[in-house]
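Below you'll find the structure, written out as structure tokens, and then a few comments.
Heads up: numbering here begins at 1 and tracks the sequence. Every number for a ligand or one of its atoms is a count from 1 in the order of the listing.
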Amino acid sequence: MHDVIIIGAGPAGLTAALWCEELGLDTLVLERADRPGGQLLQVYNAINNYPGLIAVDGPEFYERAFSSRIEESEFDLWTGVEIDSVKLKAKRISLRSGEQLQAIALVIGSGVSRRRLGIPGEAEFSGKGIIESATRDRELFSGEDVCVIGGGDAAAENALLLAEVCPTVTLVHRGKKLSARQEFRERLQANHCLTIFTESVVTRILGNQRVEAVEIARKEGLKPFQVAVRGVLIRIGVDPNTPLFRDQVPLDSKGYVVVNSIHETEISNVFAIGDVSNPIGPTISGACGAGATVAKAIASRISHLK
Ligand SMILES: Cc1cc2nc3c(=O)[nH]c(=O)nc-3n(C[C@H](O)[C@H](O)[C@H](O)COP(=O)(O)OP(=O)(O)OC[C@H]3O[C@@H](n4cnc5c(N)ncnc54)[C@H](O)[C@@H]3O)c2cc1C
């Protein structure tokens, strides 16, 4: 029996764990990836909006903000863990390995994952023309024609970065209008390398050894057509990592966990922190703040119980 089990070792879960340790709670963190850090490990842009710390990218941020603190800390952090099922009311977790875990309080800090299109070619061409990040990979695609799928800020930002080095960028968005902020929309419209297809979807990514083209279908049911490209970048939003908790705790219409002001769910002593419960303004500072808040709330509950 642990005092606290935290699911997810992103900024939210790690901050909660550090605070729980400081408050004398027996804490276990379960992380499904092989390394802690969460989305920080996929951030290739500079992070200059966290108070007191500027880093060239997410991995450097992780190193400076968390790495040494975690090595020195005494809470248990299990990585590469596969959770089979969670019973939130009972605060019981079964792992794929067969192990059964129990805690007084559970904290869900499982974050969000990039949404996939699920179309042919998407998985097959991973590392063979699927671009993970324009910041990181654009030099590799310099001089090549590319396609960006999505219409929000992330898609627009990546398209503009690619347009600096690529002769053509084809932007495909299924909505009527791009949802990216005004500044990005204006820059996209003014950029002669860019062709924007709205109310359109990419139905297939084609190629032999690597990406060679995308197939685009206009929404009105016109005949699909192909555009030759060597790279495809997909930014169509994120989904909260909540399938394990569905039907046990209230989720909003997009699957985010609903919490109160101390990040507690409808179930007593079950909390959710960071992006998994923050559809509006997901940030590192918000995730860390939520982690600190729940640790204090749990410590005060547990001191009453003991
Ligand atoms: C490209 C990019 C740039 C960004 N730039 C900034 C920025 O400049 N400033 C800023 O403030 N924020 C930025 N962010 C957002 C920031 O990274 C997130 O808000 C923050 O990482 C959220 O932390 P979290 O701990 O809630 O979730 P996450 O970082 O998503 O961590 C969740 C963890 O839970 C684990 N997990 C999920 N499901 C399970 C499970 N079933 N079992 C065990 N573990 C599980 C995941 O593997 C992951 O490690 C950026 C994000 C991206 C993708």
To atom 2 (C) of ligand 1, the nearest of Ile6, Leu40, Val43 on a heavy-atom basis is Val43
Within 4.0 Å of some non-hydrogen atom of Ile83, the atoms of ligand 1 are 42 (N)
Does ligand 1 come near enough to Arg114 that some N or O of the ligand is less than 3.5 Å from an N or O of the residue? no
Contact atoms of ligand 1, heavy-atom distance to Gly274 under 4.0 Å: 26 (O)
Can you tell which part of Leu244 has a heavy atom less than 4.0 Å from ligand 1: side chain, backbone, both or neither? side chain
Does any N/O atom on Gln42 come nearer than 3.5 Å to any N/O atom on ligand 1? no
Classify the side-chain pair Thr168/Asp145 by whether it contains a donor and acceptor separated by less than 3.5 Å. yes
Would you mind listing which atoms of ligand 1 come within a distance below 4.0 Å of any non-hydrogen atom of Leu30? 43 (C), 44 (N)
Could you go through Arg218 and Glu199, starting from their C-alpha distance and side-chain angles, then the distance that decides it, and tell me whether this counts as salt bridge (Lys or Arg N to Asp or Glu O under 4.0 Å)? CA-CA 6 Å; Arg218 308 300 306 270; Glu199 294 190 90; over 6 Å; no
Side-chain (Asn48) to main-chain (Ile54) donor-acceptor, under 3.5 angstrom: no
If I apply the N/O under 3.5 Å rule, does Pro11 come out as touching ligand 1? yes
Checking side-chain contact (heavy atoms from CB on, under 4.5 Å) for the pair Leu188/Leu178: CA distance, chi angles, key distance, verdict? CA-CA 10 Å; Leu188 290 171; Leu178 301 181; 3.5 Å; yes
Residues 101-116 vs salt bridge (Lys or Arg N to Asp or Glu O under 4.0 Å), sequence neighbours excluded, gives Arg114-Glu132, Arg115-Asp239
Determine whether any heavy atom of Val112 lies closer than 4.0 Å to an atom of ligand 1. yes
So among Ile6, Val29, Ile7, which one has a side-chain contact (heavy atoms from CB on, under 4.5 Å) with Val107? Ile6
Regarding Thr203 and Glu215, do their side chains bring together a donor and an acceptor under 3.5 Å, going by distance alone? yes
Give the atoms of ligand 1, by number and element, whose distance to some non-hydrogen atom of Asn49 is under 4.0 Å. 7 (C), 8 (O), 9 (N), 10 (C), 11 (O)
Distance under 4.0 Å to a non-hydrogen atom of Pro282: what atoms of ligand 1 satisfy this? 19 (O)
Under 4.0 Å from atom 6 (C) of ligand 1, is there at least one protein heavy atom? no
Do protein heavy atoms approach atom 14 (N) of ligand 1 to less than 4.0 Å? no
If I take atom CD1 from residue Ile149 and atom OG from residue Ser200, how far apart are they, to the nearest 0.5 angstrom? 11.5 Å
Quick check on contacts: which atoms of ligand 1 are under 4.0 angstrom from a heavy atom of Gly109? 32 (C), 33 (C), 34 (O)
Pick from Asn45, Ile7, Thr79: the one approaching atom 40 (C) of ligand 1 most closely through a non-hydrogen atom: Ile7
Crowded around Gln100 CD? As in, over 12 foreign heavy atoms under 6.0 Å? yes
So does Glu186 pair up with Arg181, basic N to acidic O under 4.0 Å? no
